[in-house]
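Here's the structure, in structure tokens; my notes come after.
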Number of protein chains: 2
Amino acid sequence: MFEQFRKEICRHVDFKDKELELIENGLCLRKVPKKYKLVEEGKICREIYFVNKGLMRLLYDKEGDEITAFIFKENLFASSYSSFLEQSPSIQILESLEETELIVLPYDYLMFLYENLPKMHILIRIVAEQRFINSQKVLASHLLKTPEERYWEFQLLHKDLLKRVPLHIIASYLGITPVSLSRIRNRTHKN
Amino acid sequence: MFEQFRKEICRHVDFKDKELELIENGLCLRKVPKKYKLVEEGKICREIYFVNKGLMRLLYDKEGDEITAFIFKENLFASSYSSFLEQSPSIQILESLEETELIVLPYDYLMFLYENLPKMHILIRIVAEQRFINSQKVLASHLLKTPEERYWEFQLLHKDLLKRVPLHIIASYLGITPVSLSRIRNRTHKN
DNA sequence: CTAATTTCTTTACAATTGTTAAGGAATTAA
DNA sequence: TTAATTCCTTAACAATTGTAAAGAAATTAG
């Protein structure tokens with residue numbers, strides 16, 4: 001049930017069995033269907049999700065248009081993290097792209113762990129740092145590369161997602177329209 | 001000497017006087033002139049800097065062109081954070097935009113503090129989380145807004161920087177060319 | 001299986017940006 | 001102060017993207 005989760009967190013912090021038990025006492029497993037919204041716009045995000053199986057995406061609703069901020073694959077911690085950290089209304093939406101199996105860590109239980117298992121600060125510090133590094137990479141890609149180069153890069157790094165995710169979602173992740181992505185793909189395949 | 005620094009970190013973590021002393025034992029003050037490079041491309045970033053007075057910027061060298069990733073004002077923790085965290089060669093440059101006064105926290109001393117003052121994990125967790133939130137905001141701005149809207153937003157949030165920083169640096173921060181920024185400013189002022 | 005919906009591509013046109021080059025303004029250095 | 005450098009704007013043109021609309025293909029729902 002928590003095998004992947006254990007493996008992932010123990011890569012970063014050396015938790016003892018008793019400590020793992022303490023952590024897992026507050027967790028639960030949740031299965032959601034495709035297109036299920038875990039966090040809605042305007043609501044406070046009160047949980048962090050570890051993706052056991054499936055795909056999640058974080059997105060903005062821009063006057064009806066969906067703009068993808070990030071796609072979470074297996075073994076990543078997903079959440080509307082800004083909303084979770086500040087316990088403030090989310091400006092992002094978190095939803096599943098496939099039928100997805102999640103491990104749920106509630107905010108209140110994380111606070112409990114912070115007090116009773118100080119190592120938890122280390123773990124969450126590392127999770128935050130990694131999400132920061134990721135965010136920096138995506139931002140750098142926008143600052144340094146053209147949409148076309150960004151598509152090539154995406155192809156290299158996330159070949160699997162090209163098959164799992166509709167192209168218009170990838171387009172919005174790359175910061176372009178589906179029409180433009182279609183043109184880029186057309187150009188690319190011919191050369 | 002460390003007043004601002006103390007005030008800032010105590011906003012987040014309740015350090016006792018003795019603990020503050022322990023932290024400050026490993027810090028030093030550094031004054032650098034304008035355009036001084038604290039971190040060079042390819043070198044490992046071995047320090048975190050707290051900006052006491054002045055301005056720093058994080059940038060990429062893209063085939064000779066300078067692309068600004070972030071601008072650090074007073075009371076922020078600046079660094080090539082990815083390089084610092086992973087102690088790997090930096091793909092970013094960190095340099096001063098003005099004569100700048102910094103408080104320097106060396107990597108080795110942070111490791112020492114992690115071991116001898118566990119609360120340090122909390123502080124650095126919060127610093128990482130805030131840099132993440134910032135990074136998310138900048139990325140959202142790129143995904144959701146046009147360059148023109150991004151300039152308006154910048155004007156609102158960082159009016160002071162328009163006077164302190166050359167426009168071509170702001171242009172690269174907004175992800176556009178100086179020529180394009182000039183056109184946007186021209187359009188904006190007329191309407 | 002059929003109908004409805006979603007997804008993807010293509011086209012034509014408008015709008016914006018990038019590029020290159022040139023000149024003037026402002027700042028910095030000698 | 002003068003000379004050199006940096007900074008900013010403008011112009012013209014090419015390239016790219018966005019928008020709107022339409023239709024084909026694929027997927028989903030009943």
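Remember, predicted model here, so these are calculated numbers, not experimental data. Letters A, B, ... are given to chains in the order of the sequence lines, protein chains preceding strands, and every chain is numbered from 1.
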Take atom [atom1] of [X] and atom [atom2] of [N], then tell me their distance rounded to the nearest Å.
X	N	atom1	atom2	answer
B:Lys35	C:dT27	NZ	P	14 Å
B:Arg183	C:dT20	CZ	C1'	12 Å
B:His168	D:dC7	NE2	P	4 Å
B:Lys163	C:dA26	NZ	C1'	17 Å
B:Leu167	C:dA26	CG	P	13 Å
B:Leu97	D:dC7	CG	P	11 Å
B:Tyr151	C:dT16	OH	C1'	18 Å
A:His142	D:dT17	NE2	P	13 Å

Exercise. Looking across every strand, which nucleic acid part, if any, lies under 4.0 Å from A:Ser182 by heavy atom: base, sugar-phosphate, or nothing?
Worked result: base
Exercise. When we call it a touch if two heavy atoms are under 4.0 Å apart, what does A:Ile176 touch: a base, just sugar-phosphate, or nothing?
Worked result: sugar-phosphate
Residue [X], side-chain heavy atoms: nucleotide from [options] that is nearest:
X	options	answer
A:Pro147	C:dG18, C:dT9, D:dT17	D:dT17
B:Ile184	C:dT20, C:dC8, C:dT17	C:dT17
B:Pro166	D:dA11, D:dG18, D:dC8	D:dC8
A:Val179	D:dA21, C:dT7, D:dT17	D:dA21

Exercise. Taking for each residue the nucleotide of DNA chain C with the nearest heavy atom, is it B:Thr146 or B:Lys34 whose nucleotide lies nearer the 5' end?
Worked result: B:Thr146
Exercise. What class does the angle between the rings of B:Tyr114 and B:His121 fall in, given that below 30° is parallel, 30 to 60° is tilted and above 60° is perpendicular?
Worked result: parallel
Exercise. What class does the angle between the rings of B:His158 and B:Phe154 fall in, given that below 30° is parallel, 30 to 60° is tilted and above 60° is perpendicular?
Worked result: tilted
For this session: Please name the residue in the list A:Phe70, A:Tyr81, A:Phe132 that meets the ring-ring contact (aromatic ring centres under 6.0 Å, His included) test with B:Phe132.
Result: A:Tyr81
Determine: side-chain N/O of [X] to OP1/OP2 of [N], distance under 4.0 Å, yes or no.
X	N	result
A:Asn186	C:dT9	no
A:Arg187	D:dT17	yes
A:Thr177	D:dG18	yes

Exercise. Is the backbone N or O of B:Ser180 less than 3.5 Å from a side-chain atom of B:Ser182, with the two atoms forming a donor-acceptor pair by type?
Worked result: no
Problem set entry | Presence of salt bridge, B:Glu95 and B:Arg57, under 4.0 angstrom | yes
